[in-house]
Trainee: 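First the structure, which I've put down as structure tokens, then a few questions once you've had a look.
The residues of the chain are indexed from 1 along the displayed sequence. Model, not experiment: these values are computed from the prediction. First listed ligand is number 1; within each ligand, the first listed atom is number 1.
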Amino acid sequence: MLVASCVFFAAGCQGLPRGSAATGGGFEPGWDLGASATAAFGQHGMVASNDSLATAVGVDILRRGGNAVDAAVAIAFALAVTHPEAGNIGGGGFMLVRLADGSTAALDFRERAPAAATRDMFSRPGVPPSASTRGHLASGVPGAVAGMLAALERFGSVSREQAIAPAIALARAGFIVDTTFSRTIAGQRARIAPYAGASLFLPGGESVRPGTLFRQPDLARTLELISRDGAATFYRGPIAELIVAEMRRGHGLITAEDLASYRERWRAPLQTSYRGHTVIGMPPPSSGGIAVAASLNILEAFGDLPPFGTAQRAHLLLAAFQRAFIDRNELIGDPDAAPIPTELLTSKAYARRLARTIDPARATTTRAARAAVREGNETTHIAVADSFGNVVSLTTTINDSYGSGVFVEGAGFFLNDEMDDFASRPGAENADGIVAAEANAIAPGKVMLSSMAPTIVLDGDGRVLLAVGSRGGPRIITSVVQLIVNVVDHRMRLLDAMRAPRVHHVVSPDSVWFERGFAPAVLDSLGAMGYKLKPIRTDTLPYIGRVIAVARRGNGWEGVVDPRYSGSAAGQ
Ligand code: GLY
């Protein structure tokens, strides 16, 4: 944990040089990302997801009188069919719900380590470094089916059959492959090719081509069984048998007992404030809620933010992210395995202490960082607002794109590589001299740390202002914070808030990333402050985060999907 010592601020942290206004949205002339994108508007509700077919499923559910949870669950099952790089039934995630009566709920359907998992399973001699991300050892026990059906049972108004029917139809009748779908498969050819999904996704060794009608009969059958028999079929019935058979084929660890004992968990949502707004977030085992709250609390300690696009603003954001991530990496893990100091990490007093460690003129090195975790980049978010006043923010993942690559033969879906979200060598120094965190060490049945940050923001009157989330591993946290700051501090409209270029602090190794929309003078200033600027890789990762958000607009709703990636928002 960082030890606070303020030599720059006499009282509070109000002394940072800043401009006269926090507003802004004047992007650099070259920043044309999403310049022709539009926001969707809906008087009665809004749906946004990473795939337009899945979004259409959600809108249809709302139009038929379903509520936001019905729509979110139907979309999640549809994404398992139309967006299998991240949509899934072989992974897990987190759902945040705010109902019209003001009550909130948080659902943890994150994967868990199999009972046979061991602390050193990825660091033993002879185990290749890729074992935590590819192949059968990489998978945690999936939670998505249990989670979606539990949400539907608690808050849904449509039947299980009605919620899953659109996904079954998309799997059985098929859909036309688009360029994004084809390209993502081509990009993960090496991951997919060794396993049973190859014949479907890589016919003749090549990615399925745009324009092809893509049918998934095995997945359709799996979904029909889930529709008919519920979660039991997945965790104790014929689908469980197929998963266990797949594990045996590839020497994986998941057993029938692991599946039978899987339980989703309802948890108390985190609630913090930011400049008069209420921020509702996901508690551990996701680090998302704590890290978003901690970052915002540190920023709030500085009073008004410097204007958008200035070096001072970027410095503050980076310094806040760095401090939030140091604690995130060291102290957060499965709350059922060891206590997490959530209250401390989200308190305003602690944030003020951390804010005092920020030198207004210089970057701080990440000497205090003690953990480094590598995380996948591929996850998917769903945001829904309905006409009844309910809102859902749901993030789900199989970690890397197409998960571990392992495809459950006969059942038609990919398994996650979520075991990679554990710290695989706790206590040992990595190449950067960083010690991996004990709180996130592998143990049987334990939940691996996540960065997923489904978030709901209320305005000063307690009305929902935003439901937001992202994909992008740790960049989920920094992207969600920037979206909130852009709306709340800089008063940007949702589309501008989404388009605005982003920064990210990597923490370990001690470097920062920028999208290319910052003025050279800003980057020069930050370099002079001591930041190690790393232009982000433009081959595979040209952008930071892929956010999805719906926002209140008058008496209706606005929805925007990040122009950095696929998907659509649609209102009703
Ligand atoms: N697998 C990415 C995350 O949970 O943050």
Side-chain angles (χ1 to χ4, degrees), residues 50 76 79 83-88 90-96 106-113 122 132-134 138-144 147 188 191 264-265 267 281-292 295 321 324-325 328-329 332-335 340 371-382 393-406 414-424 436-437 439-440 442 446-455 468-481 504 506-507 541 544-548 565:
N50 276 130
L79 286 172
H83 191 66
E85 64 175 280
N88 68 83
F94 300 102
M95 180 192 260
L96 207 54
L107 178 60
D108 162 12
F109 56 100
R110 179 74 159 164
E111 301 90 328
R112 281 158 174 64
F122 297 118
S132 65
T133 55
R134 292 187 188 197
S139 298
V141 183
Q188 296 296 335
R191 184 182 297 271
E264 76 288 347
R265 286 172 172 76
R267 301 194 183 270
M282 195 69 213
S286 185
S287 65
I290 291 180
V292 166
S295 303
F321 293 152
F325 267 92
R328 178 251 184 230
N329 289 352
I332 308 177
D334 181 355
I340 313 294
V373 290
R374 179 212 163 275
E375 282 167 293
N377 188 37
E378 317 305 340
T379 293
T380 190
H381 189 73
I382 298 164
S393 192
L394 161 64
T395 312
T396 181
T397 190
I398 43 176
N399 198 22
D400 279 305
S401 198
Y402 298 97
S404 62
V406 173
F414 289 97
L415 285 171
N416 67 84
D417 63 326
E418 223 70 63
M419 292 298 286
D420 192 58
D421 274 352
F422 281 115
S424 40
N440 193 29
I442 303 176
K446 191 173 169 185
V447 182
M448 59 292 288
L449 187 58
S450 172
S451 292
M452 286 187 269
T455 306
V468 55
S470 181
R471 57 188 260 161
R475 294 165 296 279
I476 291 173
I477 291 164
T478 48
S479 300
V480 166
V481 169
H504 177 73
V506 181
V507 178
L541 197 67
I544 295 169
R546 280 95 167 113
V547 178
I548 288 205
Y565 205 56

Trainee: Would you say ligand 1 has an N or O under 3.5 Å from any N or O of Thr379?
Mentor: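 In fact, backbone or side chain, Thr379 has no N or O that close.
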Trainee: Which of the numbered atoms in ligand 1 are below 4.0 angstrom from a heavy atom of Asn399?
Mentor: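 Ligand 1 atoms under the 4.0 Å threshold to Asn399: 1 (N), 2 (C).
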Trainee: List in chain and number order the residues that pass side chain to side chain contact (heavy atoms under 4.5 Å, CB included) with Ser404, two or more places apart in sequence or in another chain; answer none if no residue qualifies.
Mentor: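 Ser404: side chain to side chain contact (heavy atoms under 4.5 Å, CB included) contacts with Ala138, Ser139, Val406, Leu415, Asp417.
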Trainee: Is a side-chain N or O of Ser393 found less than 3.5 angstrom from the main chain of Leu96, in a donor-acceptor match?
Mentor: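 No.
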Trainee: Taking the side chain as everything from C-beta on, heavy atoms only, tell me whether Thr396 gets closer than 4.5 Å to Thr380.
Mentor: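 Yes, at least one pair of side-chain atoms sits under 4.5 Å.
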Trainee: Any nitrogen or oxygen of Ser450 lying under 3.5 Å from a nitrogen or oxygen in ligand 1? Just yes or no.
Mentor: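 Yes, since at least one N or O of Ser450 sits under 3.5 Å from an N or O of ligand 1.
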Trainee: Pull out every atom of ligand 1 sitting under 4.0 Å from any heavy atom of Met452, numbered as shown with elements.
Mentor: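 Under 4.0 Å from Met452, ligand 1 has these atoms: 4 (O), 5 (O).
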Trainee: Under 4.0 Å from a heavy atom of Asp421: give me the atoms of ligand 1 that qualify, with their elements.
Mentor: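 Checking each atom against Asp421, I get 1 (N), 2 (C), 3 (C), 4 (O).
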Trainee: Would Arg471 pass as a cation-pi partner of Tyr565, given that its NZ or CZ must be under 6.0 Å from the six-membered ring centre and within 45 degrees of the axis?
Mentor: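 Judged by the rule, Arg471 and Tyr565 form a cation-pi pair.
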Trainee: With a heavy-atom distance limit of 4.0 Å, tell me whether Arg110 approaches ligand 1 through its side chain, its backbone, both, or neither.
Mentor: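 Contact part for Arg110 vs ligand 1: side chain (C-beta onward).
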Trainee: Please identify each residue that fulfils side chain to side chain contact (heavy atoms under 4.5 Å, CB included) with Arg112, with sequence neighbours left out.
Mentor: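 With neighbours one apart ignored, the set is Asp108, Tyr262, Arg265, Arg267, Val447.
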